[in-house]
Amino acid sequence: EDKIDDARRGDTVKLSLGDNVDVPFYIFDSLRGRDVTLQIKAGKGYTWTVNGKSLKKLPSNLIYLSLDVEKYRNSKMISLCRGNDVKAFQLGHEGSFYGDMKLTMDVGARNVKKTMFLYSYDEDKEKLTYCTSAIADSRGDATFTFTRSLGAYVVTSKALYGENPVSSG
């Protein structure tokens with residue numbers, strides 16, 4: 001929290017969570033409204049980034065925000081992916097993130113400079129819904145913005161239903 005309080009306009013503060021992926025809400029409260037970016041390494045191959053300007057007032061009854069990203073397997077979801085190579089994951093948090101939370105993930109060296117498509121998976125309806133796309137960088141990392149978590153997601157280098165990539169990448 002001190003690093004955030006001491007940060008100047010435009011600064012980026014880095015935080016590594018290790019095995020504890022629960023971030024206390026007071027961290028976000030100290031960031032809210034400020035042009036300071038918080039970069040949170042949450043597990044192997046995942047980084048969350050949020051700028052304080054995008055954060056809204058947080059509910060007073062919440063103590064922490066789980067930034068856990070777990071592998072996810074579901075045979076119906078995999079069949080909906082039509083044999084394409086996918087990265088399936090589930091977010092530990094469900095509901096609003098109270099701001100624009102950017103999740104950067106390793107999508108593999110084979111996907112460098114490729115457009116990656118993000119879909120949410122509704123287990124009850126057994127349906128994939130297109131969310132957005134991003135272009136993987138030179139390290140094979142792609143960044144997607146979440147304002148809320150819908151549970152399970154899948155990332156693939158193929159547009160499953162003919163979607164056009166978003167122009168902002």
Side-chain angles (χ1 to χ4, degrees), residues 1-74 77 86-108 111 116-124 128-156 166 168-169:
E1 185 180 16
D2 289 340
K3 287 182 182 180
I4 294 171
D5 290 339
D6 294 342
R8 294 187 180 130
R9 183 178 181 198
D11 282 354
T12 297
V13 176
K14 295 182 180 185
L15 174 67
S16 183
L17 297 180
D19 292 335
N20 181 9
V21 292
D22 297 333
V23 179
F25 266 100
Y26 66 81
I27 297 288
F28 296 103
D29 267 338
S30 64
L31 184 65
R32 186 170 46 91
R34 299 181 59 208
D35 185 15
V36 173
T37 299
L38 178 61
Q39 195 175 65
I40 306 165
K41 186 157 180 58
K44 189 175 180 179
Y46 299 99
T47 301
W48 289 96
T49 306
V50 61
N51 185 281
K53 288 281 191 187
S54 81
L55 289 172
K56 298 169 181 62
K57 179 111 174 92
L58 306 169
S60 59
N61 63 334
L62 296 175
I63 299 168
Y64 66 88
L65 181 66
S66 176
L67 297 181
D68 196 15
V69 180
E70 303 167 343
K71 288 183 180 179
Y72 179 79
R73 295 313 264 171
N74 178 291
M77 180 189 72
V86 299
K87 180 170 189 151
F89 62 97
Q90 185 168 341
L91 299 179
H93 175 74
E94 284 196 31
S96 177
F97 280 116
Y98 310 101
D100 296 336
M101 297 287 290
K102 295 179 180 182
L103 176 62
T104 300
M105 65 177 61
D106 179 2
V107 294
N111 292 310
M116 303 304 295
F117 296 85
L118 176 71
Y119 297 85
S120 64
Y121 178 65
D122 185 324
E123 229 174 73
D124 294 333
L128 287 171
T129 302
Y130 173 71
C131 298
T132 190
S133 63
I135 297 173
D137 66 16
S138 60
R139 294 182 312 271
D141 291 339
T143 301
F144 300 99
T145 301
F146 292 83
T147 56
R148 64 182 304 104
S149 172
L150 302 172
Y153 293 88
V154 64
V155 174
T156 179
V166 295
S168 60

> Can any side-chain N or O of Arg34 pair as donor or acceptor with the backbone N or O of Arg8 at less than 3.5 Å?
Replying inline: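 Checked: no pair found.
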> Is the side chain of Lys41 donor-acceptor paired with the backbone N or O of Lys14 at a distance under 3.5 Å, no angle test?
Replying inline: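 Absent.
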> Any donor-acceptor pair under 3.5 Å linking the side chain of Asp141 with the backbone of Asp137?
Replying inline: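 No, because the side chain of Asp141 does not come within donor-acceptor range (under 3.5 Å) of the backbone of Asp137.
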>> Thr104 vs Thr47, test: side chain to side chain donor-acceptor pair (under 3.5 Å). Steps then yes/no.
In response: CA-CA 5 Å; Thr104 300; Thr47 301; 6.0 Å; no
Show me the side-chain donor-acceptor pairs of residues 90-97 shorter than 3.5 Å, one per line, residues at least two apart or across chains.
residue : atom : partner : partner atom : Å
His93   : NE2  : Ser96   : O            : 2.7
Ser96   : OG   : Tyr98   : N            : 2.9

> Taking the side chain from Trp48 and the backbone from Leu67, do they hold a donor-acceptor pair closer than 3.5 Å?
Replying inline: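 Confirmed, Trp48 side chain pairs with Leu67 backbone.
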> Would you say the side-chain atoms of Asn20 pair up with the backbone N or O of Leu17, donor to acceptor, closer than 3.5 Å?
Replying inline: no
>> Within the supplied structure, the quantity of interest is the number of heavy atoms (other residues, nucleotides, ligands) at a distance under 6.0 Å from Phe144 CZ; does it exceed 12?
In response: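 Check passes, neighbour count above 12.
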>> Would you say the ring centers of Tyr26 and Tyr64 fall short of 6.0 Å from each other?
In response: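 Centroid distance Tyr26-Tyr64: not below 6.0 Å, so no.
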> Does Phe89 have its ring centroid less than 6.0 Å away from the ring centroid of Tyr72?
Replying inline: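 Distance test on ring centres: not under 6.0 Å, no.
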> Hey, what's the ring geometry for Tyr130 with Phe117, parallel, tilted or perpendicular (30° and 60° as the breaks)?
Replying inline: tilted
> When rounded to the nearest 0.5 angstrom, what is the spacing between CG in Asp29 and CD1 in Ile4?
Replying inline: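 Going from CG on Asp29 over to CD1 on Ile4, the span is 10.5 Å.
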> If you look only at pairs with a residue in residues 50-59, which of them pass as a side chain to side chain donor-acceptor pair (under 3.5 Å), with sequence neighbours excluded?
Replying inline: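 Sorted result for residues 50-59: Asp35-Asn51, Thr37-Asn51.
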